[in-house]
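Chain naming here is simple, since letters A, B, ... match the order of the sequence lines and numbering starts at 1 in each.
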Amino acid sequence: MQEVLEEYLRQDMMPHMWCAGCGNGIVLHSLIRALHDLALEKEKVVVVAGIGCAGRAAGYLNLDTLHSTHGRALAFATGVKLANPDLTVVVLMGDGDATAIGGNHLIHAARRDIDLTAIVFNNSIYGMTGGQQSPLTPQKSIATTAPGGTTQRPFDLPQLARGAGAGFVGRSTTFHHQLMTRLIGDGITHPGFALVEAITYCPTAFGRQNKMGSPVEGLRWQRDHFVEINKFLSLPEEDKKGKEPMGQFHPAKGPAWPH
Amino acid sequence: MQEVLEEYLRQDMMPHMWCAGCGNGIVLHSLIRALHDLALEKEKVVVVAGIGCAGRAAGYLNLDTLHSTHGRALAFATGVKLANPDLTVVVLMGDGDATAIGGNHLIHAARRDIDLTAIVFNNSIYGMTGGQQSPLTPQKSIATTAPGGTTQRPFDLPQLARGAGAGFVGRSTTFHHQLMTRLIGDGITHPGFALVEAITYCPTAFGRQNKMGSPVEGLRWQRDHFVEINKFLSLPEEDKKGKEPMGQFHPAKGPAWPH
Amino acid sequence: MEKRQEICLSGSGGQGIILAGQVLAEAALKSGWYVVQTQSYGPEARGGATKAEVILSDAPVDYPMVTAADLLLAMNQESCDRYLAGVKNNGTVIVDSTNVSHTPPTPTRLVSLPLTAVAREELGKEMFANMVALGVITSLTGEISLREAENALLTRVPPATTEANRKAFWLGVQLANRLV
Amino acid sequence: MEKRQEICLSGSGGQGIILAGQVLAEAALKSGWYVVQTQSYGPEARGGATKAEVILSDAPVDYPMVTAADLLLAMNQESCDRYLAGVKNNGTVIVDSTNVSHTPPTPTRLVSLPLTAVAREELGKEMFANMVALGVITSLTGEISLREAENALLTRVPPATTEANRKAFWLGVQLANRLV
Amino acid sequence: MSGAVVDVDEKRCKGCGICLTLCPRRVFNPDERGKVKVSRPERCTGCLICDNLCPDLAITVHRAKEGREGGRVRPPAV
Amino acid sequence: MSGAVVDVDEKRCKGCGICLTLCPRRVFNPDERGKVKVSRPERCTGCLICDNLCPDLAITVHRAKEGREGGRVRPPAV
Amino acid sequence: MNENARLMQGNEAVVEAACAAGLKFFAGYPITPATDIAEMAAVLMPKAGGVFVQMEDEIASMAAVIGASLTGAKAMTATSGPGFSLMQENIGFAAMAEVPCVIVDVQRLGPSTGIATAPAQGDVMQVRWGTHGDHPVVALAPAGVAETYDLTVKAFNLAESLRTPVVLLLDEVVAHMREGVVVPDAGALVVRERRRPPGGPAYRALGDGVPAVPDFGSGGAVHVTGLVHDERGLPSNDRQVADALIRRLHDKVQRAAGEFTFTNSWFLEDADVAVVAYGSVVRAAHRAVVLAREKGLRAGLLQLQTIWPFPAAAVASLGRRVSRVIVPEMNLGQLVGEVERVVRGQTDVIPLSGLAGRLFTPDEILNEIIRRGKSARAVPGSGLRAYRGR
Amino acid sequence: MNENARLMQGNEAVVEAACAAGLKFFAGYPITPATDIAEMAAVLMPKAGGVFVQMEDEIASMAAVIGASLTGAKAMTATSGPGFSLMQENIGFAAMAEVPCVIVDVQRLGPSTGIATAPAQGDVMQVRWGTHGDHPVVALAPAGVAETYDLTVKAFNLAESLRTPVVLLLDEVVAHMREGVVVPDAGALVVRERRRPPGGPAYRALGDGVPAVPDFGSGGAVHVTGLVHDERGLPSNDRQVADALIRRLHDKVQRAAGEFTFTNSWFLEDADVAVVAYGSVVRAAHRAVVLAREKGLRAGLLQLQTIWPFPAAAVASLGRRVSRVIVPEMNLGQLVGEVERVVRGQTDVIPLSGLAGRLFTPDEILNEIIRRGKSARAVPGSGLRAYRGR
Ligand SMILES: Cc1ncc(C[n+]2csc(CCOP(=O)(O)OP(=O)(O)O)c2C)c(N)n1
Ligand SMILES: Cc1ncc(C[n+]2csc(CCOP(=O)(O)OP(=O)(O)O)c2C)c(N)n1
Ligand code: SF4
Ligand code: SF4
Ligand code: SF4
Ligand code: SF4
Ligand code: SF4
Ligand code: SF4
Ligand SMILES: [Mg+2]
Ligand SMILES: [Mg+2]
């Protein structure tokens, strides 16, 4: 029997180009699992990606895949979906891709509420170009363009997406891969725009500069740092410090467009 | 005694190019009043604007003014402010300018929390180009690019700005010009990024297509439609229908950058 | 030799000059002419002077602009002052006497008619003056089928106003006929 | 005639090849040479083969790449296989015998030294092998001041590792001296 | 006796009708050229509605005591 | 007797150490080339931690009963 | 003229013709003087079973067009200078990834915001060189409304058969003039469809150098990227692959160029002075040449409908026959550089530059035909000459 | 070499020289192979009392640079092809509104994403024509690290004295090579400042065609716009104003061009074959010419450091002297078009195209020098010729 995972992988492209221990592979695995669980017709799934380490994920999927330009993946995807609404469209972006250069397309996709599922691989850094700050780099982190630590405030991505009107917003880490799989699946099932923030560890471009340690240490940090949203909300204020919520942030609402 | 108003106007440019009854002039007047009330040194005030009817406002102000490119005013303004932090920088944009093509710069200005005051002239339409839908056009309104009424969902601008991290968010209409003057003044005084949504009536490109009537009817609609936020919140749910809140939405918070 | 007629319609922003130009062009087209219609909005972005040009020819039209007008319609003072000099010596100038108080001396044939007043008095609204003018012009040129002009008009004006516009048009035709 | 020396340092991603190239170039510069240093990362975005080229000359250097190497350092098998053919017949090839098990036949002078093993054994970390290599090369070329090489090295390596790197360098110098 | 003197800059006025309709004292009248004129100046109370809402910044309301040299009436800082 | 059979695709493994460290049964060992090998296969319980978290999609855990032909162990759909 | 002709504006003809050519997706962002195109598409697309979407900006518009085209839909956008500048990155993507699409650029007076309503031909060189890296370009420029209809259909045919972005370059005069257009019967119109895949690697070029990339949703599991890629569409860092790919992208266009080098000529047989023109300037030039002939001057006119690839052969053959070539353009002298490149040394090339934000008058061109000498000229009164400095 | 020389990378020399020239504001967005410039600016700007800011994209970077420059700060950004495409609209603004600034474009292999790490010279024509409408451009291209230092300082001087955007066009080879640079003493460096206003209308051109626009914050109450504007800087729809403005923008650059047409030549005195090259290709060409001379061939080399305005006079004088001009470029043949434009009919122009994502070898150029005949060539093995179709 052919392995499910392998069916979804473009074998010509493996092994992938990501660094040893890069969390992107775990997100990719979660995505494949979610696609499989939904039992979608593979011919009707299109994956659109931007430019960056994360964006390379499209190339590893044995589906119709579009590796577009930096920051523009959601705009390309809007064209794909509107021209052929029968397609399930999943959009893969890095944090810089989605929220720096691509921030406008992100908020407009959320506003239009077209049925796209966006997965933001948030490694807190520009991986592909070697470690510059992104709009999701936590303040005071070291980056090559912030050698003394970033002074720019980061976005809170779920808040941003909700502010723009997103009806489905989720967050998970690679450590919590089951949650991630579920959120991706629910995001795809959600009839309008869905955003999943996938917290992933980049040992090379983020970890090294910020002395975050090995890939395993990155996973452990995720384990310890993120708390399921309902549990998080029930924590006493002082215990919230140093923790961040994950899970599904927002009940699905709002009609899909056009309608 | 020289008139205060006239001092702030570039006499060479008057009368302005706006249509009869266009609300932009009322916003301009409010801005001048706010600047005067703050008694700022005029030489240290820079006004940056984008492209559109609203953007033309910069040309009418007898200050250092920069009429930049469509959507990019906040990015130009970021350069002005960072290069010379002594300057007070006010940014004037149309709704399309600020939230369609310029949406990314808007959310990033809010995120960085640089001390800029952005005034969005929200006339619900692309005025300059003759009546196309903007991301702030209320759903189902008629626009030349939505002859059957818009199907795209609009942004809720204050929500968007807050989601992006803005520390000061206000909204007023031209009818409520005193509130507008106050919000602009407070926005300028606010140490970080401030956004003021100025609801203004465009009889030509919005009103005509949507049968909204004369300039006076536009003002009356504003009067009847917008309710001060605290009052709005205290309304019973059924009374909230057909109303929208105005006022200052969000307490100033968050440090200015860089710091 | 090519038979070419250059017609220039001018007035202020709200007077429906461009619509009149379009209807005229369409009527000419349907009457078998080669036609080009162009327009310009003057330097001001809103309001200000407006000009529509229509060129008819029995051969394909190359240069699409008026170089020397065979016929000028001037619906306000400013356009009269500005465009009068561009009319051929043997051309015709129609001025809307309701808005044009003073016509500079000109060697051309001058037809002065109270277009706007007629529209206001007969149809209750000044905005129909453009169609009155259209009737006059169609009639005077003699090269365009009145029927086609009426048809063209009916397809291009807002449905609610077809009757009034049609009436305005025939009023113009009558005005012109009285001149002949 | 121009006196030109083309040096090619090669190995795999993590071996510090480019740093060694920079230090060599800087040392040569300070020793009075005209110098160009270039590098290439091989086709793979991460890891994979790495090459640093250093050209010294007593006149300004025009073509900045190695066309025929006077000296090749190969710190792994792949780079040895790939670059060996590019060495001049009278050139020198230094292979790190710790990583290069098989050297194809070559007419050049071949120096095989356990650079990585030396680093591991003497300094506890393989990562200092590049500086051992640098010591060997500086010594063998005879054209670059050892002192300048040491200085260049000290300014370019991370402060915490200066001592170990310095030691590695002099170990390399000794290795080379033993060859002569 | 009114509290204020009101002026319309006719080069600026575009006749939008705002002052005409919103002035509580009906101080203005349309003129032939589609602009407005101050036709009942004595009725003006200096409420500033017209001044604040004129989109063409064409209206100036002066304190009557001091007349046109007395400076513009200012709304209270709010 | 263990519940599962675990395979590492050595062409894919980059030796990141995740399976090595996180396998609760210490099934893996590093090999000379900086990759990992399955050194104590019999201890595997089929918990899938390694399979799910291997960033190189290099690990496959099969149900032991059916062996390598029996298909991959799937985490329950959540 | 044919009584079945419809009076149409240039911008309107674009949309009508696009629909006739099978347009199924329009994404755009308003900008003078191209806005009418979007506005009409908003009306016509739903009727044609297609999609109209107003995007957040021109970058997104171009992106959406590419995305839609990859599903198999014929797709288009329309803009003017500032928007065209913003589209450049994604136009390069379409060229590299071989995505059929049509981009309409209705030129206005630039640079920057310039004067939005003033006609100009200032984007002619930008069309060729606007995006980074070596990329192929096809661009067509009509001189009238019927031609606009015709060339719009051809633009789609070229985009689909060559799998490359095609730019339809209008100027404001053509965009806003109204003329009669005899709309061809659906059956009479030549409409080409992109080739459907025969199997095999998605990006393997067939005999004409064009690959048959499967549409999204058709089971091809195709990878589309702006990276250098191999025949399978997969990224490659191989320098030979890069070289071959980029050359093929140009070569497929160049090989077919003979079939779509559209030009017209008048009175060239015995001409001593030739005018080379494109866009609305052709209309003034034609009149000027007629007037010159009336004066007994042996003037002729070559119209370039295809701007890129530059019709070098047609211009070169001119160079061998006439003693002077006058190139009037509503810019500081852009395409004249290409004319010079081709005929320099054979004949005198005289740029005639008009930047006054209006169409040349026939007299301005006629004067240049009459005038002797070969220096660069500008329209009278403008003081300066055409800019020769590049 | 001088022992005081510092070993510097090309990208590093850009930042060092910019600081020496008075850089006070850097806004940028990372992109290979230009990222190092931003990274070094992030370190050096604070030390120099300036500002470094990473913006949300390249559009914003260019916008911020313009905003900063208007306050009087010397300002710069750096990018590569994809980002350079995105900057085009705002570069046009800077040209139109006469805002001094320096843009570094470190070219990589395109089109589109291409290969980020492979060297190329594919943006040479984009630099000239990338933004819409007729606009002036100044561009300098160094062939080595010391030259990079030198030309960076000159780029700032030109930007400030001409009030126009200046593009520093690097290729990846120059950007990443390390060479010795003898850093001039602060006193020895010629650093120009923009002219401070004498009063009078902000945009009134002085004798050299350049206005003295007051800095923001200095009390000038100046209006800066991308619309056509009059001497006061205020928008105008007057077509004559437009014509005069756009011509002046070009003219101010053209008039001064003599002072900054930087070229170098070797062995041209008696040359029969000339190589014309720019950027790192000069290094290979020089070696090729030296080798040719060793073989007794009368070959020479003209280096263009100034790319735009194109050094037409220098190339033209070549055309009169040699029988062949070879133009090797790491693209499909871009600047060779300009060479043809200038010398066609006088001498044979032979494009030599290298797209393989690497620097030419001296032999590849030498072979072309040796070879007879005048057809277009590509580097051996690539199968196709340089693209002549445009
Ligand atoms: C227009 C443009 N600007 C810049 C780049 C260079 N670039 C490539 S990927 C990238 C950012 C990568 O960061 P992120 O999006 O977070 O993805 P990651 O690599 O971290 O997965 C940048 C700036 C580009 N390719 N295109
Ligand atoms: C890049 C670019 N795209 C499009 C335009 C055309 N344009 C000018 S103003 C405008 C929008 C005007 O709407 P808004 O921003 O709401 O301002 P308003 O005119 O309503 O005040 C547009 C699309 C432009 N100038 N530049
Ligand atoms: S740089 Fe970071 S994100 Fe990119 S592949 Fe390496 S670990 Fe992953
Ligand atoms: S179009 Fe609308 S926004 Fe623009 S000036 Fe007229 S009324 Fe004002
Ligand atoms: S409000 Fe102002 S513009 Fe309107 S009618 Fe009154 S004075 Fe005139
Ligand atoms: S100030 Fe008040 S009362 Fe006086 S004219 Fe104005 S609106 Fe009327
Ligand atoms: S987790 Fe995967 S890549 Fe990492 S060591 Fe284990 S098998 Fe290798
Ligand atoms: S499935 Fe669990 S027990 Fe078995 S090898 Fe993997 S991590 Fe260890
Ligand atoms: Mg990232
Ligand atoms: Mg608006």
Side-chain angles (χ1 to χ4, degrees), chain A residues 7-13 17 41-51 55-56 58-89 91 101-109 111-112 114 116 164 257-258, chain G residues 24-27 45-46 50-75 77 88-94 96-97 99 101 131 201-202 213-227 229-230 232-237:
Chain A
E7 254 175 49
Y8 278 88
L9 287 177
R10 230 175 228 134
Q11 299 296 334
D12 291 8
M13 293 284 289
M17 56 78 80
E41 206 181 328
K42 274 170 67 186
E43 308 203 340
K44 299 295 172 203
V45 178
V46 174
V47 174
V48 183
I51 298 292
R56 291 297 184 107
Y60 303 123
L61 286 161
N62 195 23
L63 302 166
D64 286 327
T65 49
L66 169 53
H67 181 231
S68 64
T69 48
H70 188 40
R72 316 302 173 188
L74 280 164
F76 281 79
T78 299
V80 171
K81 181 71 188 179
L82 289 180
N84 186 350
D86 294 342
L87 302 174
T88 297
V89 183
V91 187
I101 190 168
N104 208 26
H105 312 302
L106 181 70
I107 59 177
H108 282 277
R111 172 178 71 81
R112 287 197 192 96
I114 295 179
L116 303 171
W257 179 85
Chain G
K24 282 286 174 294
F25 187 87
F26 185 101
M45 270 296 91
V51 174
F52 167 85
V53 60
Q54 183 176 322
M55 295 298 289
E56 53 271 32
D57 62 14
E58 290 88 350
I59 297 174
S61 301
M62 190 63 218
V65 160
I66 294 171
S69 177
L70 285 168
T71 71
K74 291 189 183 176
T77 186
Q88 290 304 328
E89 191 199 3
N90 283 339
I91 292 176
F93 180 92
M96 184 66 146
V99 185
C101 52
T131 192
V213 183
D215 293 336
F216 281 2
S218 71
V222 57
H223 187 56
V224 177
T225 179
L227 285 168
H229 49 274
D230 60 22
R232 299 165 302 174
L234 302 181
S236 168
N237 268 315

For G:Phe25 and A:Gly79, which heavy atoms make the closest approach, and how far apart are they? CZ-CA, 3.8 Å
Proximal component of A:Ala77, with respect to chain G [non-hydrogen, under 4.5 Å]: neither
Residue from A:Leu74, A:Asn84, A:Leu63 scoring the most non-hydrogen pairs under 4.5 Å with chain G is A:Leu63
With rounding to the nearest 0.5 Å, note down the distance linking CG in G:Leu70 to CZ in A:Phe76. 8.5 Å
Nearest heavy-atom pair of G:Asp57 and A:His105: which atoms, and what distance? OD1-CE1, 3.9 Å
Give, as side chain, backbone, both or neither, the part of G:Val65 having an atom under 4.5 angstrom from any heavy atom of chain A. neither
Do you know which of G:Ile59, G:Leu234, G:Val224 has the most heavy-atom pairs under 4.5 Å to chain A? G:Val224
Within the structure provided, determine whether G:Pro235 and A:Met13 are in side-chain contact (heavy-atom separation under 4.5 Å). yes
Can you tell me which of A:His70, A:Lys42, A:Lys81, A:Arg56 forms the most heavy-atom pairs within a distance under 4.5 Å of chain G? A:Arg56
At a heavy-atom separation under 4.5 Å, does G:Ser61 approach chain A through its side chain, its backbone, both, or neither? neither
Return the option, out of A:Asn62, A:Asp64, A:Asn104, A:Leu66, with the maximum number of heavy-atom pairs under 4.5 Å with chain G. A:Asp64
Hey, which of A:Val80, A:Asp12, A:Thr65 has the most heavy atom pairs under 4.5 Å with chain G? A:Thr65
Shorter than 4.5 Å, heavy atoms on both sides: which option in G:Asn90, G:Val222, G:Leu227 has the most such pairs with chain A? G:Val222
Minimum-distance pair of heavy atoms, taken over all atoms of A:Lys44 and G:Gly217: NZ-O, 2.7 Å
Working to the nearest 0.5 Å, report the span between CE of G:Met55 and NE2 of A:His108. 9.0 Å
Return the CD1 to OG distance between G:Ile66 and A:Ser68, rounded to the nearest 0.5 Å. 9.0 Å
How long is the span from the CG atom in A:Leu82 to the CZ atom in G:Phe26, to the nearest 0.5 Å? 14.0 Å
Classify the ring geometry between A:His67 and G:His223 as parallel (under 30°), tilted (30 to 60°) or perpendicular (over 60°). parallel
